[in-house]
There are 2 protein chains.
Amino acid sequence: MTSSPAAPDPAPHAVGARGDLFDPLCPTRRLLDRIGTKWTSMVVKVLAEADPAEVRFAELRRRMPGVSQKMLSATLQSLARDGLVARRVEPTVPPRVHYRLTPLGLSLDAPLAAVRAWAEQHMPEIDRANRAADESAADRNDEQ
Amino acid sequence: MTSSPAAPDPAPHAVGARGDLFDPLCPTRRLLDRIGTKWTSMVVKVLAEADPAEVRFAELRRRMPGVSQKMLSATLQSLARDGLVARRVEPTVPPRVHYRLTPLGLSLDAPLAAVRAWAEQHMPEIDRANRAADESAADRNDEQ
DNA sequence: CGGAATCCTTTTTGATACTG
DNA sequence: CAGTATCAAAAAGGATTCCG
């Protein structure tokens, strides 16, 4: 991925690694680099569906089985930097940190939901295609 | 990414690296792992917009500045395996290979177009948010 | 509690060279 | 032309430890 959500990007405005020699780093690519980031779109989904819109870190983690706190933290920072989630810290003695989607983040949920819907509808077909491809490969190995 | 589109995946049906101990590897995640793959969604876009629906490898490459032929090849293989693109080989002496979207692949373009549209509409906001975040960071460094 | 920092491993990507 | 193979670099991800 071009932009790194995990690392606090030392040179935030240096768009391409070696500069934008080629494509103008189209917004779509940049966005997909972000939402492709393993946990990003899940955070958006979970927050979009959260009923009290604000969710605490630990609770968020509980709702996303498999995230390490490092990745969740990095993902949330990245989303906050992008203005998609808002962070609120209660200055209590063990601090309580709440996250929620901004209006911008919420608006992203719509197109993502479309992708989700497509995935749920068509992944079986993709799986079938994969099995078919595997079989053909096996056939080619058998034919002698 | 969980599934590797570049490498011909030695164990195609082993969904999770350590098994699906947690989430059932929801279809959405699996799909996003694929379309997050740097070039996948661009191939879908380019092929969806191609007027003769079929495009040759070299032409495809020309339309996607920055792809290495290795990655384009890997991406196309992955998409073909998933049943999203069809491959047609003319058995001429230098072979001509054409790619086109399958109906399934074409149907994926719709949700992806929604994401693209969102990106083009809102990336300026995201950029603004990033600049704001950078400034705050700079401020925090200046205050002594 | 919510992280930040560090270390280490796996995956991904790109350059380059070679082939049917 | 359309790849494959190989190698090296980089990025992502996870585990662990430490801190306010």
Side-chain angles (χ1 to χ4, degrees), chain A residues 1-11 14 16-19 21-22 29 32-40 42-43 54-62 64-80 85 87-99, chain B residues 1-11 14 16-18 21-22 29 32-40 42 54-62 64-80 85 87-99 137 140:
Chain A
M1 287 172 195
T2 307
S3 69
S4 64
D9 212 338
R18 301 183 323 289
L21 300 171
F22 316 104
R29 252 280 293 286
L32 280 168
D33 282 350
R34 289 154 201 257
I35 68 177
T37 283
K38 198 168 190 179
W39 300 109
T40 304
M42 191 179 298
V43 169
E54 279 196 333
V55 184
R56 287 184 58 185
F57 187 88
E59 175 58 25
L60 210 44
R61 216 186 145 182
R62 232 166 292 127
M64 300 172 55
V67 231
S68 62
Q69 104 285 43
K70 173 187 170 179
M71 288 320 294
L72 181 54
S73 178
T75 301
L76 287 169
Q77 277 186 36
S78 168
L79 287 170
V85 309
R87 212 186 114 140
R88 184 173 67 84
V89 185
E90 275 187 71
T92 54
V93 73
R96 295 157 167 252
V97 185
H98 303 75
Y99 295 90
Chain B
M1 285 171 197
T2 307
S3 69
S4 64
D9 213 339
R18 302 183 322 290
L21 301 170
F22 316 103
R29 252 280 293 285
L32 279 168
D33 281 350
R34 289 155 200 256
I35 68 176
T37 282
K38 198 169 191 178
W39 300 110
T40 305
M42 193 179 298
E54 280 195 332
V55 183
R56 289 184 57 184
F57 187 88
E59 176 59 25
L60 210 44
R61 214 186 146 184
R62 232 165 291 129
M64 299 172 57
V67 229
S68 63
Q69 103 284 43
K70 173 187 170 180
M71 289 319 294
L72 181 54
S73 178
T75 302
L76 287 168
Q77 277 186 36
S78 168
L79 287 170
V85 309
R87 211 186 115 138
R88 184 173 66 84
V89 184
E90 276 187 69
T92 54
V93 73
R96 293 157 168 252
V97 186
H98 302 75
Y99 295 90
R140 270 191 298 286

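Protein chains get the first letters and strands the later ones, always in sequence-line order, with residue 1 at the start of each.
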Considering the terminal five base pairs at each end of the helix from C/dC1-D/dG20 to C/dG20-D/dC1, what angle separates the two local helix axes, rounded to 10°? 50°
Residue pair A/Val67 / A/Thr75, side-chain heavy-atom distance below 4.5 Å: no
Note, B/Leu76 side chain near B/Leu60 side chain (heavy atom, < 4.5 Å): yes
Consider the side chain of [X], meaning its heavy atoms from C-beta on, and name the nucleotide among [options] that approaches it most closely.
| X | options | answer |
| --- | --- | --- |
| B/Gln77 | C/dG2, D/dG3, C/dG20 | D/dG3 |
| B/Pro94 | D/dA2, D/dC1, C/dA4 | D/dC1 |
| A/Ser68 | D/dG14, D/dA2, D/dT4 | D/dG14 |
| B/Arg87 | C/dT13, D/dG3, C/dG2 | D/dG3 |
| B/Pro95 | D/dG14, D/dG20, C/dG20 | C/dG20 |

Interatomic distance where [atom1] belongs to [X] and [atom2] belongs to [N] [whole Å]:
| X | N | atom1 | atom2 | answer |
| --- | --- | --- | --- | --- |
| B/Met64 | C/dG14 | CE | P | 11 Å |
| B/Asp33 | D/dA11 | CG | P | 20 Å |
| B/Arg62 | D/dA2 | CZ | C1' | 13 Å |
| B/Leu76 | D/dC1 | CG | P | 17 Å |
| A/Trp39 | D/dG14 | CH2 | C1' | 11 Å |
| A/Met71 | C/dT10 | CE | P | 17 Å |
| B/Leu32 | D/dA12 | CG | P | 16 Å |
| B/Lys38 | D/dA10 | NZ | P | 13 Å |

To the closest 0.5 Å, what do you measure between NZ (A/Lys38) and OG1 (A/Thr40)? 11.5 Å
Straight-line distance of B/Arg61 CZ to B/Gln69 CD, nearest 0.5 Å: 5.0 Å
Would you say [X] places a side-chain N or O within less than 4.0 Å of OP1 or OP2 belonging to [N]?
| X | N | value |
| --- | --- | --- |
| B/Ser73 | D/dA2 | no |
| B/Arg56 | D/dA2 | yes |
| B/Tyr99 | D/dC1 | no |
| A/Thr92 | C/dC1 | no |

Once side-chain contact (heavy atoms from CB on, under 4.5 Å) is applied, do any residues pair with A/Arg88, and if so which ones, sequence neighbours excluded? A/Glu54, A/Glu90, A/His98
Would you mind classifying the nucleic acid contact of B/Arg61 as base, sugar-phosphate or nothing, using non-hydrogen atoms under 4.0 angstrom? nothing
Can you pull every protein N or O that's under 3.5 Å from an N or O on nucleotides 5-9 of chain C?
none

Considering non-hydrogen atoms only, spot the tightest contact between [X] and [Y] and give its length.
| X | Y | result |
| --- | --- | --- |
| B/Ile35 | A/Leu32 | O-CD2, 4.5 Å |
| B/Arg56 | B/Arg96 | NH1-NH1, 3.3 Å |
| A/Tyr99 | A/Val85 | CD2-CG2, 4.4 Å |

Would you please name every residue forming a side-chain hydrogen bond (donor to acceptor under 3.5 Å, both in side chains) with A/Arg62, sequence neighbours left out? A/Glu59
Between B/Thr37 and B/Trp39 (side chain of the first, backbone of the second, donor and acceptor by atom type, cut-off under 3.5 Å), is there such a pair? no
